[in-house]
Structures are given as C-alpha cells and as structure tokens.
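Below is one structure, written out as structure tokens; the observations come after it.
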Amino acid sequence: MTSKKNNPCADGTCRVPTSQRPQTISTDANNGDIGALVTVVIDDQEVKVPMGTTILEAARSIGVKIPTLCYHEDLCIAGVCRICLVEVEGQRTLQASCAYPITQPITVKTHTAKVRQARRHILDLMLSEHYGECYACFRNNNCELQSLAKEYGVDYFRFGHPEKSRHKIDRSSYSVVRDMDKCIQCRRCVRTCIDLQEVGVLEALGRGDKTEIATYLDKPLGDVVCINCGQCINRCPTGALRANDPTDEVWAAIDDPTKHVVMQTAPSPRAGICEEFGMEAGTPMTWEMNTALRRCGFDKVFDTNFTADLTIIEEGTELIIRLYKTLVEGDTSMPLPQFTSCSPGWVKYIEHFYPERLGHVSSAKSPQQMFGAMIKTWYAQINNIDPADIVSVALMPCSAKKFECNRPEMCDSGYKDIDYGLTTRELAQMIREAGIHLPDMPKSDFDDPFGTATGSGVIFGATGGVMEAALRTVIELITGKKVEDFYEHADIIPVRGFEGCRYVELQIPEEVGPVPDLIKHLVPNWDWVKGATLKVGVAHGTANAKKVMEDIKAGGKFSECHFIEFMACPGGCLGGGGQPIPTTPEIRAARARAIYAEDAAYGKAGKPRKSHENPAVLRVYEEFLKEGPCGHLSHKLLHTSYTPRGKFIG
Amino acid sequence: MLTTQQEKLMGELKAIVEKHGTDRSALIPILQDVQKCYHTISDFAMQVIADMLGIHPVEVNSVVTFYAFLNEKYHGKFVIRLCRTISCEMAGKAAVARQLENDLGIKFGETTDDGRFTLEWANCIGMCDQGPAMLVNDQVFTRVTPEKVHDILQMCEQSFGPHTLQKAEEHVL
Ligand code: SF4
Ligand code: SF4
Ligand code: SF4
Ligand code: FES
C-alpha cells in the first residue's frame with residue numbers, strides 16, 4: 001500500500017472526520033486477531049489483504065481494474081461518483097469499491113451485467129449534464145471522463161446531452177480558470193483544497209440536482225482566499241479546472257519581429273515535461289527542451305537556476321543579517337525564524353492566514369521575479385536592447401507564478417518584470433503545435449550571460465531543496481571549508497525526503513573561517529556562531545505549513561528554528577499546479593529522482609554545485625550589483641514587500 | 001455594517017458558540033440557533049462561526065445552502081411552508097396557496113416588506129393523510145382551507161410585539 005504513505009488521511013494527521021479516512025487497521029504484534037489478513041475472492045482470484053483494505057485496493061493489488069472518478073490516491077475517500085460499483089456476494093445492492101473496507105472474507109465480482117449496466121447509466125447521467133466538446137477542451141485525450149466514455153462504449157446520449165452552457169466561465173483569477181459546465185461534481189478539488197491544502201476555497205453548495213461546486217457565496221475565484229496553487233487543477237478528472245493560458249500572447253510576441261523574447265526555465269518542468277510526450281515520469285529533458293524552445297522561436301533560453309543561486313545569496317545574506325541583528329545586537333526588528341519566499345502560493349497563504357507573521361518572510365523575491373528584474377535591467381544594458389522591446393516569459397511548474405508576475409509591485413525594473421508565466425503543460429502544447437517531438441531533439445546548452453548554473457539551483461524544485469542549497473552556501477561561508485568535508489558529495493540528506501514537516505539541527509564547528517569579501521561589510525567576524533546549533537525546518541503543502549505555523553504560535557520546536565523552508569505544493573515545485581496531469585506520489589517521487597540526478601551530474605561533470613560558486617552570479621555582483629547582496633540596488637530590484645490580506649472575505 | 005453592531009453581533013455569536021462547543025459536530029445546532037435568533041445566517045455570521053470552529057467559511061456556506069431550514073436570505077418572523085407534494089395537491093393545496101399569496105401580497109419564495117412573513121414550498125411534511133398541510137415555523141396545520149388561512153395569519157399577527165424585529169434588522173444591515 002505504498003500509495004497511502006503520503007496521504008495525510010491515512011496517517012491520521014488530516015483534519016477530515018474519521019468516517020472519511022481510509023480504515024486500514026494496523027497489525028498488532030501482541031494480538032493476532034487485530035489487523036489480521038482476510039481472504040477475498042475477486043473475479044475468481046483469491047487474495048489475502050490486511051483487514052480494512054478497500055475492495056478497490058485489493059483489486060488493484062492483483063491487477064483487476066475498477067474504474068474510478070472521485071477516488072484519488074492523495075485524497076481521503078468520498079464515495080460520491082459511484083462509478084466504482086461492484087457486486088459483493090450476499091449484498092442486495094451494488095457497493096462502491098473505493099469506500100468498502102474489507103472486514104471479513106467476501107466474494108466480489110467486478111464486471112457482471114448488473115455492474116456494467118449501472119456504470120453505464122452513471123456515465124450516461126453524468127454526460128446528460130456535461131456541457132462541453134472534447135475537441136475544444138484542454139483535457140482532450142487526457143480526461144478521465146472521456147476515457148471512461150470510450151471504455152464503456154458510450155455511442156449515444158441515453159439521457160440527453162445539454163445543448164447550452166449553464167455556467168459562465170470564471171476567469172477572475174490570474175491563475176485558475178473554472179468552467180463548471182464540465183464539472184462532474186466528484187469533489188476532488190474540494191478535498192484537495194480543504195484537506196490536502198487546508199486553504200478551503202471550494203465546497204459543494206446547494207443540494208440534490210441544484211448542487212454546484214463553488215466558492216464562498218459563489219464569489220469569483222479572484223476575490224476569495226485562493227492561493228493559486230493549482231493543486232485542484234492537477235486532481236480534477238475533467239477540463240472543469242485549468243490554468244489561465246497565455247500561449248496566444250506568447251506566440252504573438254514570438255511572431256513580432258520587433259520583440260526580443262526571452263525564456264527562463266525552472267528545474268521542475270524539465271523533470272516533468274517528458275510525461276506530456278508519453279515518456280516515463282522522471283526522464284529529464286533539460287537539454288532537449290533548450291533546442292525545442294529555440295526552434296519554437298524564443299530568442300534566448302536562460303536557466304532560472306541562475307537566479308535560484310542569486311536568491312540563495314540574497315536570502316542567505318538576509319538570514320545572516322537577521323541572525324546577527326537578533327542574536328548579537330538584540331535588535332528584534334527582523335524576527336526569527338526567517339521563512340523562505342520563493343513559493344508564491346505559500347506567500348499568498350501567509351498573507352491571508354498569518355498576516356501578523358509577514359515580518360518573518362524573507363524580502364528576497366522568488367527566482368522567477370529576480371530573473372525578470374535582471375533581464376530588463378542588466379541584461380538589456382549589456383546587450384543594448386531597449387527593455388520595452390523585451391518580452392520575458394517564464395516556464396514554471398506552477399500556476400501561482402501567473403498571479404505573482406501580475407502583482408502590481410513586481411515592476412521594479414521600470415517594466416513588468418515578467419510578462420507571461422507558462423506552465424509545463426502549456427509549453428508542451430506550444431512545442432506540439434510547432435510540430436516538435438521533444439524526445440527527438442538534439443541537446444543544447446543555455447544561453448549566456450546566465451548560462452552557467454549550479455546544482456543548488458536545480459534542487460530548488462524538490463521539497464527541502466532551497467534549504468539544502470542555502471545550507472551548502474551558509475556552511476561554506478561560515479567555516480571557509482568545503483561542505484563535502486561535512487556531508488558526503490555535499491548531499492545534505494537530513495533535509496531531503498517527502499515527510500510533511502521536517503526539523504533538522506546542524507552543528508556549526510568551533511573552527512570558523514574569515515568572513516568572505518562579498519558580505520564583509522555586514523558582519524565583522526564569525527565568532528558569534530562558533531559551535532552554535534543551526535535549527536532549520538522544512539514544510540511542503542500548505543496543510544503542513546499550517547501545522548508548522550501553529551507550532552510556532554504555540555511556542556513549539558519550530559519556533560526555535562532559525563530558518564524554515566515553506567512550499568505550497570505537496571512535494572515542492574515538482575508537484576506544482578502547472579505540472580503534467582495526473583499526479584500521484586509515485587510520479588512525484590520519480591520527478592524528484594530526476595532533479596537530484598541532475599544535481600549529482602553537476603558534481604560528476606566538475607561543475608559548481610553551490611550557489612556562491614556560480615561564476616555568472618559573481619560577475620553580476622562585480623559588474624552590476626556592486627554594493628553586494630542586500631545592498632541598495634539589490635534591494636530595489638531583487639527584494640519586495642508583502643500585503644497583509646487577512647482571511648475575511650469581503 | 002457598523003463596527004459597533006458587528007462587535008455586538010460577534011459577542012452574541014460567541015455566546016451561541018460557547019453554548020454548543022467548537023467541535024465540528026456543533027455546527028448545525030449553532031446554525032439553528034442563529035437562524036432562530038436572526039431569521040437569517042448572514043455572510044458575516046458564517047465567517048465568524050467558521051473562524052471560531054476552525055473551519056472554512058465555504059464549509060459553513062455549504063451546510064447552510066444544503067438545509068432548507070437554514071437560510072442565507074432573510075426570512076420573516078413567521079415562515080409558512082406549504083406542502084406541494086401530490087397528496088396535498090389533490091386535497092386542494094392550490095386554493096390555499098392562492099389565499100396565502102393574496103392575503104400576504106407576496107409570491108412563494110418571497111418575504112413581506114415588513115419582514116413578518118415568508119412563503120415557501122415544502123416537500124412532504126408527513127401529513128399526507130390530512131392534507132393540505134403546512135408548517136408555520138415549527139407548528140403543523142392540517143386540512144387547511146382558504147378560510148382557515150385567514151385565522152392562522154390573524155393569530156400570527158397578534159403575536160407581534162413592537163420590538164420583535166429589531167434584532168433581525170440589525171443583523172441584516
Ligand atoms: S472535460 Fe473531458 S469529456 Fe468534457 S469536454 Fe473536456 S475532454 Fe471532453
Ligand atoms: S488553486 Fe489551490 S487554493 Fe485555489 S482553489 Fe485550487 S487548491 Fe484551492
Ligand atoms: S471541478 Fe473537477 S475536481 Fe472539482 S468537482 Fe468538478 S470535476 Fe471534480
Ligand atoms: S471512485 Fe468510488 S465512488 Fe467514486
């Protein structure tokens with residue numbers, strides 16, 4: 001039952017009522033009857049499963065396929081769609097296999113005439129309310145409803161089919177578009193938003209045939225507390241939820257010869273885009289994608305990792321300033337722990353739910369926005385391009401990035417720092433439209449002057465990655481020694497993994513080095529950190545972020561941390577709301593492997609793996625940001641401020 | 001809504017929540033009390049209750065929209081629910097409905113301007129053998145005739161005091 005490992009409902013840490021949790025009973029060493037194995041016969045195959053296993057899980061374990069719609073591995077059980085009906089011997093009615101825990105030996109039949117007819121009727125009923133044309137839908141060929149219709153041979157609409165749209169498409173949000181005409185009310189988005197993310201934007205309003213999946217008082221999505229994480233998009237079985245798609249505008253910019261269109265690509269899409277081209281999850285496509293992007297017509301292709309490294313320097317310096325101010329000078333104006341700021345979903349989450357804690361959030365912009373500001377200033381300068389002619393596009397695994405680049409304060413370069421945010425899915429669409437089969441592309445490198453990146457930037461994509469990258473740099477800056485002396489291959493394993501909230505302590509050695517030139521003007525020496533214990537935390541998924549925040553409020557161990565990494569999406573960016581659909585714990589783990597492999601490859605190739613060794617970053621501090629990290633110019637371009645929004649929905 | 005009124009309402013809601021506790025399962029009794037007190041469950045009340053129970057406003061909204069006896073829209077002091085299912089229909093519900101509409105000057109689904117009466121349909125209240133049946137708040141009336149409608153309304157009118165509506169008005173402001 002590996003699928004249950006990361007499901008918060010399964011380990012009891014989730015807030016859903018007990019009745020909706022999977023009821024697996026764990027074995028008890030002292031009492032053989034508890035959690036004992038039960039024998040089930042499914043379609044004449046016998047299998048022994050632990051008591052409490054659902055029929056669906058038991059069937060899957062022996063390769064019997066039962067269709068599902070409302071069931072999702074990451075979510076608690078709803079049992080609302082009924083497509084998974086099966087016949088259980090001795091039961092008068094058909095049973096929903098996803099919600100039937102096995103507690104005694106039973107015999108199950110999964111495709112009798114009765115079952116097939118019931119499923120077909122359920123589908124026909126769904127289609128009788130489903131307004132949408134598959135060929136004009138972004139989920140065409142990747143839609144669970146469509147494939148079920150094919151599987152069950154739907155060739156006419158038994159109960160009719162709506163001729164007219166009944167819902168206005170909600171385009172109020174920069175990130176998520178809701179087209180409720182296509183909704184089948186499976187409530188996966190509801191469970192995602194409430195249980196998995198604990199944001200609580202969507203619910204079923206009304207009753208019976210009047211039920212609609214809606215926001216609070218049916219307000220536009222842009223007006224409620226949605227953090228734009230897009231997790232609901234990734235789990236929706238149909239085209240009812242999708243990201244706000246700017247590909248038309250991006251094509252228009254490419255087709256305009258007066259525009260200089262630059263693209264930056266984040267690490268997670270490179271680990272995920274293979275899935276859009278039918279390849280196995282976790283096949284990195286970084287270098288093939290560079291070629292494909294150029295062939296699509298982008299003038300330059302840059303690596304967001306460059307600004308990931310820059311972020312580490314800026315955020316790391318800010319951390320050092322915070323520590324020095326608080327611990328040495330007793331100045332509490334910049335509170336500890338410092339929170340990371342690179343996940344725009346998390347930023348909006350804290351703006352809504354913990355606005356009183358915004359002082360903890362690092363003022364450093366996210367890598368995407370730093371890059372935007374650098375492109376329209378330094379890059380424009382050294383290449384003699386009018387920034388007004390530059391169209392800056394960012395490829396991100398994330399739907400919240402679309403909101404972020406449209407924040408009014410993100411115009412520090414004098415222009416809109418980032419013009420368009422594209423998701424992995426949208427770029428795959430553009431590549432397909434250009435007639436390119438990505439895996440066939442020859443490999444090519446990123447463009448200068450930002451070309452060289454480090455492995456530290458790459459791992460930003462996985463949960464714990466920002467922390468690991470920051471630690472690599474902070475440890476070296478303080479000790480003057482190589483991280484490899486402390487951690488084999490510079491892999492700081494304790495901060496890795498998929499556990500929801502992680503707390504790690506690191507010992508700073510008694511021997512410290514001299515303060516490096518880059519930050520000499522900020523701290524006189526390292527004597528004050530000698531032998532200290534650095535306490536750090538990592539949380540991914542806003543439900544876990546909430547746990548950490550509540551722990552801090554209650555004065556728990558996370559309140560003693562110095563630095564905490566927060567990512568809005570489960571798994572970090574690699575599980576972002578702009579990544580290919582579907583998403584499961586296995587797929588996310590495969591993407592993480594691809595990301596760590598790319599980081600390791602930097603090491604093998606003898607390329608730098610630590611942000612402060614990135615030659616392009618050092619060049620920027622020499623030529624452009626001359627006052628160094630957290631200096632005047634970098635404050636203007638690379639740092640930002642936040643808006644306390646509160647959770648009251650006005 | 002004015003801040004002072006908001007604060008007052010907040011205090012009253014707090015008292016109601018304290019009475020039932022902050023467990024998720026207390027939500028319905030809390031909402032029933034709020035409905036009884038104010039004849040509506042306003043936007044503000046839903047958000048305050050959600051906050052006190054540590055759940056999301058949209059979840060409260062979901063419960064309120066699910067149950068017919070909990071309402072986002074202001075309901076009159078007397079909510080008249082006439083059964084519209086088949087046995088009441090056959091026993092002459094149409095004439096009763098017409099009489100109600102005429103006497104009150106409103107249609108089903110509406111509330112009188114003075115905020116006293118709301119007319120609504122109900123689906124079977126279990127009085128099929130004694131139709132037409134209707135509910136006035138939680139009181140059941142059976143074998144209602146157009147003539148009886150007048151008496152029932154009269155009885156309701158008489159129970160109004162001068163300040164009966166004050167609280168509710170504040171709440172919807
Ligand atoms: S949601 Fe699925 S079934 Fe509906 S139009 Fe889109 S592809 Fe077709
Ligand atoms: S984008 Fe995230 S916060 Fe917004 S509705 Fe979807 S799951 Fe909820
Ligand atoms: S929007 Fe999608 S996920 Fe949400 S209920 Fe509808 S079909 Fe299911
Ligand atoms: S998948 Fe079992 S009821 Fe929906």
Side-chain angles (χ1 to χ4, degrees), chain A residues 14-21 78 80 178 185 187 189-221 223-227 232 349 352-355 542-543 546-547 549-550 553-554 646-650, chain B residues 1-3 5-7 9-10 13-14 21-29 31 34-35 40-74 81 84-85 108-109 120-124 171-173:
Chain A
C14 167
R15 65 187 281 290
V16 304
T18 341
S19 60
Q20 287 172 25
R21 289 192 200 145
V80 290
R178 296 171 63 236
Q185 307 197 342
R187 292 160 172 77
C189 57
V190 171
R191 282 169 287 148
T192 303
C193 198
I194 296 185
D195 304 330
L196 191 71
Q197 291 295 71
E198 295 217 12
V199 182
V201 169
L202 302 169
E203 245 296 8
L205 300 189
R207 178 186 33 183
D209 64 342
K210 305 267 181 330
T211 311
E212 304 286 355
I213 306 298
T215 58
Y216 180 64
L217 300 180
D218 207 7
K219 288 179 189 265
L221 195 63
D223 293 354
V224 294
V225 292
C226 171
I227 63 165
C232 50
Y349 182 83
H352 279 303
F353 294 97
Y354 298 93
T542 37
K546 182 176 174 183
K547 278 182 209 136
M549 292 305 288
E550 290 300 325
K553 237 189 198 168
K647 63 179 173 182
F648 193 85
I649 304 164
Chain B
M1 202 187 310
L2 297 170
T3 338
Q5 281 172 337
Q6 237 175 32
E7 271 163 17
L9 179 59
M10 187 100 106
L13 289 172
K14 208 168 168 185
T22 55
D23 196 77
R24 270 169 79 106
S25 57
L27 182 60
I28 289 184
L31 293 176
V34 174
Q35 176 75 38
T40 173
I41 301 170
S42 68
D43 173 4
F44 181 75
M46 285 196 268
Q47 299 207 43
V48 170
I49 293 167
D51 192 37
M52 288 178 184
L53 265 58
I55 57 178
H56 305 285
V58 73
E59 291 179 274
V60 180
N61 195 189
S62 172
V63 172
V64 171
T65 53
F66 186 88
Y67 291 104
F69 281 50
L70 301 175
N71 307 103
E72 280 174 70
K73 236 171 66 187
Y74 176 79
R81 295 181 169 95
R84 66 168 159 199
T85 33
F108 275 80
E120 265 182 7
W121 293 118
N123 289 313
C124 194
H171 187 63
V172 278
L173 270 179

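For clarity, every value in this text was computed on a predicted model and none was experimentally measured. Hydrogens, waters and symmetry mates play no part in the numbers below; they use all other heavy atoms, side chains included. Throughout, protein chains are lettered first and strands after them, A, B, ... in sequence-line order, and every chain is numbered starting at 1.
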* Interface moiety of A/V201 toward chain B, non-hydrogen atoms closer than 4.5 Å -> backbone
* Asked: Mind checking whether B/D43 and A/Y216 have side chains closer than 4.5 Å, heavy atoms only?
  -> yes
* Could you label the plane-to-plane angle of the B/H56 and A/F353 rings as parallel, tilted or perpendicular, counting under 30° as parallel and over 60° as perpendicular? => perpendicular
* Determine the minimum heavy-atom distance between A/L217 and B/N61, stating which atoms define it. => N-OD1, 2.6 Å
* For A/A204 against B/S62, the heavy-atom pair lying closest together -> O-OG, 2.6 Å
* **Interatomic distance, B/E72 atom CD to A/L205 atom CG [nearest 0.5 angstrom]** => 7.5 Å
* To do: Check B/V58 against A/T215 and note the closest heavy-atom contact, atom names and distance.
  => CG2-C, 3.7 Å
* To do: Go through the atoms of B/A50 and report whether side chain, backbone, both or neither lie under 4.5 Å from a heavy atom of chain A.
  => neither
* Heavy-atom distance under 4.5 Å to chain B: side chain of A/I649, backbone, both or neither? -> both
* **Heavy atoms of other groups near B/Y67 OH, more than 12 under 6.0 Å** => no
* Asked: A/K647 versus chain B, heavy atoms under 4.5 Å apart: side chain, backbone, both or neither?
  -> both
* Is chain B contacted by the side chain of A/V199, its backbone, both, or neither, given a heavy-atom distance below 4.5 Å? -> backbone
* To do: Take atom CE of B/M10 as the centre, draw a 6.0 Å sphere, and report whether it contains more than 12 heavy atoms from other residues, nucleotides or ligands.
  => no
